[in-house]
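Whatever order the structure lists ligands and atoms in, that order sets their numbers, starting from 1. Atom set for the values below is all heavy atoms of this structure, side chains included, hydrogens, waters and symmetry mates excluded.
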Amino acid sequence: MKEQRNGLLLVVSGPAGVGKGTLDKALMERNHKIKMSVSATTRAPRPGEIEGVHYFFKTEEEFKTMVERGEFLEYMHVFGSNYYGTPRSFVEQQLANGYDVILEIDVNGAMNVKRSFPDAVLIFITAPSMSEIKSRLIGRGTETMEQVEKRFATAFEEIKMIPHYDYVIVNDVVDVAVHHMEAILEAERCRTARSAFVSEAIEEIGR
Ligand code: 5GP
């Protein structure tokens, strides 16, 4: 009997500034069978952001053409101004090749993914408190005060969606939070419903 499986689709959401990116990166460094999906966006690159690494940066026209061609697994118009979307083909290929794939997307996108991929594992990352979220946003220094206020208001709305997620991780100490993510992955990989071993064993017993 050979254990074979498709990869896990992990959806990671949480308010801006809670350290989702740091946790995803640390998880990938420790687990080599995990790939990160790179989203497309119409927002302008922040200093240090690289095309194809952090995002595929698109004009609104380019983005809309991709929508029309059905190239997105899900897409969303976030923060009233920019489009963000998950390119479909990369995710589907990696899952079929047995790689786990992380989507770092907003709460609405996460709900859409759950509808089309009920097997997806939804993880919500948050900070220990709302005041901590605000100070991390300000400390990041990448947004204007107006943008910080807008994202802070969005954080409230996002937190209301936590009950729809499978897991919540409070990112207080990074190493502990990464350990929680690894524990979730391990447990999800052992689910009977995902195991080729279980169906094969039952079939063999029946023979
Ligand atoms: P940022 O502009 O800070 O990079 O991202 C803003 C928000 O957009 C974050 O909540 C992020 O998770 C979300 N986001 C990034 N890519 C996607 C995507 O492909 N789809 C959706 N629905 N949200 C995304």
Side-chain angles (χ1 to χ4, degrees), residues 9-25 27-28 35-60 62-67 69-92 94-95 101-117 120-127 130 133-134 136-162 164-165 167-169 171 177 181:
L9 184 58
L10 300 170
V11 178
V12 174
S13 314
V18 297
K20 299 179 295 270
T22 309
L23 298 185
D24 294 339
K25 205 165 148 251
L27 188 68
M28 282 172 51
K35 303 252 174 157
M36 187 93 199
S37 155
V38 178
S39 295
T41 184
T42 57
R43 108 157 143 62
R46 294 196 188 110
E49 283 186 333
I50 302 163
E51 164 73 15
V53 175
H54 298 94
Y55 282 106
F56 295 106
F57 295 99
K58 303 284 175 197
T59 62
E60 204 166 307
E62 287 168 338
F63 195 99
K64 286 180 175 165
T65 306
M66 290 177 76
V67 171
R69 291 187 185 149
E71 291 178 20
F72 289 117
L73 197 95
E74 62 76 41
Y75 75 96
M76 197 57 63
H77 201 179
V78 206
F79 301 124
S81 52
N82 294 308
Y83 288 87
Y84 294 85
T86 306
R88 176 189 296 281
S89 60
F90 175 84
V91 175
E92 291 180 346
Q94 300 304 326
L95 292 176
V101 180
I102 301 180
L103 309 184
E104 198 189 301
I105 61 177
D106 86 311
V107 290
N108 297 307
M111 296 304 113
N112 288 337
V113 169
K114 188 77 187 179
R115 269 190 287 276
S116 33
F117 291 83
V121 179
L122 271 54
I123 304 174
F124 194 94
I125 314 281
T126 188
M130 290 309 288
I133 289 177
K134 192 161 194 178
R136 286 188 195 184
L137 265 179
I138 296 167
R140 201 156 82 153
T142 49
E143 278 113 325
T144 63
M145 238 5 242
E146 195 192 337
Q147 284 167 330
V148 167
E149 288 301 338
K150 218 167 171 180
R151 289 194 168 210
F152 189 58
T154 308
F156 271 102
E157 294 309 309
E158 288 167 331
I159 281 168
K160 286 187 199 156
M161 298 298 283
I162 293 180
H164 297 285
Y165 280 72
Y167 299 95
V168 60
I169 295 177
N171 184 17
M181 284 182 99

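- At least one N or O atom of Ser39, backbone or side chain, sits closer than 3.5 Å to an N or O atom of ligand 1.
- Between Tyr84 and ligand 1, at least one pair of N/O atoms sits closer than 3.5 Å.
- By the 6.0 Å and 45° rule, Lys58 does not stack over the aromatic ring of Phe63.
- For ligand 1, the polar-atom distance check finds an N/O of Glu74 within less than 3.5 Å of one of the ligand's N/O atoms.
- Within the model, atoms CD of Glu49 and OG1 of Thr142 stand 8.5 Å from one another, a figure rounded to the nearest 0.5 Å.
- Ligand 1 lies nowhere less than 4.0 angstrom from a heavy atom belonging to Ala16.
- With a heavy-atom cut-off of 4.0 Å, His54 does not touch ligand 1 at all.
- Listed by number with element, the atoms of ligand 1 under 4.0 Å from a non-hydrogen atom of Arg43 are 1 (P), 2 (O), 4 (O).
- Atoms of ligand 1 found under 4.0 Å from any heavy atom of Met76, numbered from 1 in the order shown, are 22 (N).
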side-chain contact (heavy atoms from CB on, under 4.5 Å) between Tyr75 and Asn112, worked out
CA-CA 9 Å; Tyr75 75 96; Asn112 288 337; over 6 Å; no

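- Residues Thr86 and Ser37 approach most closely at CG2-OG, 3.6 Å, considering heavy atoms.
- Only side-chain heavy atoms of Arg46 come within less than 4.0 Å of ligand 1; its backbone N, CA, C and O stay farther off.
- The distance from the CD1 atom of Ile159 to the CE atom of Met130 is 4.0 Å, given to the nearest 0.5 Å.
- Annotation: the span from Glu158 atom CD to Asn108 atom CG amounts to 8.5 Å, rounded to 0.5 Å.
- Contacts between Arg151 and ligand 1, counted as non-hydrogen atom pairs separated by less than 4.0 Å, involve the side chain only.
- Glu104 contributes atom CD, which lies 10.5 Å from atom NE2 of His54 (distance to the nearest 0.5 angstrom).
- For the pair Tyr55 and ligand 1, a heavy-atom separation below 4.0 Å is found.
- Taking CD1 from Ile133 and CZ from Arg151, the interatomic distance works out to 13.0 Å, rounded to the nearest 0.5 Å.
- Which of Val107, Val113, Thr142, Ile105 comes nearest to atom 18 (C) of ligand 1 through a heavy atom is settled by distance: it is Ile105.
- Taken to the nearest 0.5 Å, the OH atom of Tyr84 stands 12.5 Å off from the CE atom of Met76.
- Looking at Tyr75 against ligand 1, nothing comes within 4.0 Å, counting heavy atoms.
- On a distance-only criterion, Ala40 and ligand 1 share no N/O pair closer than 3.5 Å.
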